[in-house]
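Per chain, numbering begins at 1; letters A, B, ... match sequence-line order. Below, all heavy atoms of this structure are taken into account, side chains as well, without hydrogens, waters or symmetry copies.
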Amino acid sequence: MLDLKFVRGNPQKVQEALASRGAKLSLTEFLRLDEQRREKLFTVEQMKNRRNVVSEEIGRLKKAGKDEPDMIVEMRDLSRSIKEKDEEIKEVEGRLQEILLDIPNIPHESVPVGADAADNQVVRQWGKPRDFGFAPRPHWEIGENLNILDFERGGKVTGARFCFYKGLGARLERAIISFMLDLHTGEHGYTEIFPPFMVNRDSMIGTGQLPKFAEDMFKIEGTEYYLIPTAEVPVTNLYRGEILDGGKLPISHCAYSACFRAEAGAAGRDTRGLIRLHQFNKVELVKFCKPEDSYAELEKLTGNAEKVLQLLGLPYRAVVLCTGDMGFSSAKTYDLEVWLPSYQDYKEISSCSNFGDFQARRAGIRYRNDKGKVELAHTLNGSGLAVGRTVAAIMENCQEADGTVTIPEVLRPYMGGLGKIG
RNA sequence: GGAGAGUUGGCCGAGUAGGUUGAAGGCGCUCGCCUGCUAAGCGAGUAUACGGGCAAAACCUGUAUCGAGGGUUCGAAUCCCUCACUCUCCGCCA
């Protein structure tokens with residue numbers, strides 16, 4: 001959510017910034033409502049002031065044994081008018097809020113302007129796609145051949161875009177989760193969180209999934225709970241409505257969770273394998289920091305995610321998303337894309353974003369600065385990494401001609417010392 | 001799921017015959033004083049949001065907030081209703 005006062009003072013700037021990310025939006029309605037709100041608020045507050053003053057007077061008189069029926073009658077009318085006015089204000093505020101909640105974040109000035117993914121810029125490249133010397137197989141074939149992935153039964157037991165991991169496949173998934181959590185807690189200074197996998201509506205609004213993207217979410221029937229699309233939601237909302245101690249910032253959390261996505265707009269895309277499932281595992285990195293630190297923290301957080309890929313020996317590149325390709329809440333995003341031989345391309349495996357104060361304003365995440373003043377914190381998060389895609393990348397990049405998969409060194413302690421699958 | 005008790009400021013905790021209670025008192029914290037140091041002591045201050053004044057900060061001022069929402073009333077932390085959460089006992093359960 002943008003700052004109402006900022007939008008009021010800089011409508012032109014806001015409009016231009018949002019146009020750069022392809023969001024068409026007129027602020028005239030918004031500005032009109034804002035004007036109305038303040039006007040009505042001013043009136044009703046004066047009325048309330050009078051009511052308070054007179055009511056106090058009535059109390060005083062009553063104590064002195066005097067009745068003031070005229071005053072009470074006057075106040076009865078006044079209270080009725082206040083009630084009407086309050087309702088008008090509530091309506092205007094509701095509409096204002098609706099508009100405000102639907103406006104995406106303003107991109108940071110360092111973000112390249114562009115229309116879509118084609119305008120994203122590669123900022124770093126690490127490792128080289130391997131020269132196999134044989135025809136590499138896609139991971140879904142390797143997985144089925146080794147009997148460690150079972151998509152068919154996933155479809156039977158649940159439905160499309162669900163999968164069973166079996167045997168060493170399941171073990172590998174678990175090993176990766178443990179490896180990543182150990183790395184981030186042990187080397188990168190994150191505190192581990194194990195969050196609820198369902199959250200309430202306010203939390204979904206807090207991080208920006210609702211109200212705009214309801215169709216992407218799984219809602220639990222008969223409750224007000226949603227399955228989390230990422231641990232970002234529960235972990236960022238940990239401090240919703242709180243004022244944090246500025247001395248404790250930055251706060252860094254990492255969290256494993258299952259993630260649930262309806263993938264409403266993704267029909268026909270990535271239909272095979274582990275790349276796009278309704279349920280997948282992810283280790284998420286989340287930070288809360290002071291505004292002046294957030295862009296430096298974004299670089300660090302992205303580096304922490306990259307470290308995972310480097311230790312696994314997976315070729316990747318880091319891309320800065322252009323204005324037109326960024327997510328709704330983000331001010332700046334780096335995607336990490338891992339090399340996938342089956343795609344003959346780099347595929348997103350992590351997305352690291354600085355949200356500025358956008359989520360913090362929605363969620364009321366603030367801190368007290370050195371001067372004792374309360375300010376909005378900045379929030380960040382990134383995948384560190386998506387686990388299913390990591391499994392896919394390992395299976396494809398580390399496959400051998402005989403159909404086996406070599407396990408990266410760093411994972412072997414988590415695999416009971418095993419060096420390969422197959 | 002059944003029965004009961006609760007939800008007040010950073011924390012603890014008063015406040016139930018409705019009327020200067022945004023809220024006593026204590027703790028904590030900040031600043032000042034005092035003590036050779038430490039401990040203790042003394043004084044002052046210590047919520048947030050949104051309006052208005054203002055170019056703006058400081059500041060002044062108004063409104064709202066005692067779990068959330070609604071109701072009764074001239075006036076509600078105090079009365080009524082709905083919901084959420086917490087605790088205790090029972091049931092069930094990993």
Counterpart base for [N], defined by Watson-Crick or G-U wobble contacts under 3.5 Å:
{"N": "B:G67", "value": "B:C83"}
{"N": "B:U20", "value": "none"}
{"N": "B:G51", "value": "B:U61"}
{"N": "B:G32", "value": "B:C42"}

Using only heavy-atom distances, determine whether the side chains of [X] and [Y] contain a donor-acceptor pair under 3.5 Å.
{"X": "A:Thr185", "Y": "A:Glu192", "value": "no"}
{"X": "A:Asp335", "Y": "A:Ser351", "value": "yes"}
{"X": "A:Asn52", "Y": "A:Ser55", "value": "no"}

Beyond-backbone contact of [X] with [Y], side-chain heavy atoms, under 4.5 angstrom:
{"X": "A:Cys398", "Y": "A:Ile407", "result": "no"}
{"X": "A:Glu297", "Y": "A:His378", "result": "no"}
{"X": "A:Arg261", "Y": "A:Met217", "result": "no"}

Does any N or O in the side chain of A:Gln279 come within less than 3.5 Å of the main-chain N or O of A:Ala258, such that one atom is a donor and the other an acceptor?
no

Give a yes or no on whether the backbone of A:Gly114 and the side-chain of A:Asp119 come within a donor-acceptor separation of less than 3.5 Å.
no

OP1 or OP2 of [N] versus the side-chain N and O atoms of [X]: is any pair under 4.0 Å?
{"X": "A:Arg366", "N": "B:U48", "result": "no"}
{"X": "A:Asn52", "N": "B:A64", "result": "yes"}
{"X": "A:Arg38", "N": "B:G52", "result": "yes"}
{"X": "A:Arg50", "N": "B:G62", "result": "no"}
{"X": "A:Lys83", "N": "B:U73", "result": "no"}
{"X": "A:Ser79", "N": "B:U73", "result": "no"}
{"X": "A:Asn49", "N": "B:U63", "result": "yes"}

For A:Val73, report the nucleic acid contact type (base, sugar-phosphate, nothing); a contact means any heavy atom under 4.0 Å.
nothing

For atom [atom1], what is the distance between [N] and [M], given to the nearest Å?
{"N": "B:C59", "M": "B:U7", "atom1": "C1'", "result": "36 Å"}
{"N": "B:U38", "M": "B:C34", "atom1": "P", "result": "14 Å"}
{"N": "B:G91", "M": "B:G15", "atom1": "P", "result": "36 Å"}
{"N": "B:C66", "M": "B:C60", "atom1": "C1'", "result": "27 Å"}
{"N": "B:U35", "M": "B:A57", "atom1": "P", "result": "42 Å"}

Where each residue is assigned the nucleotide of RNA chain B containing its nearest heavy atom, which of A:Ile243 and A:Gln46 is assigned the position nearer the 5′ end?
A:Ile243

In terms of the nearest nucleotide of RNA chain B, which residue is placed more toward the 5' end: A:Glu45 or A:Glu87?
A:Glu45

Classify every nucleotide of nucleotides 56-61 of chain B by which part a protein heavy atom approaches to under 4.0 Å, writing B for the base, S for the sugar-phosphate alone and - for neither, in 5'-to-3' order.
------

By nearest atom, which of the nucleotides B:G69, B:G51, B:C85 is closest to the A:Phe42 side chain?
B:G51

Choosing from B:G51, B:U63, B:U48, which nucleotide comes nearest the side chain of A:Lys48?
B:U63

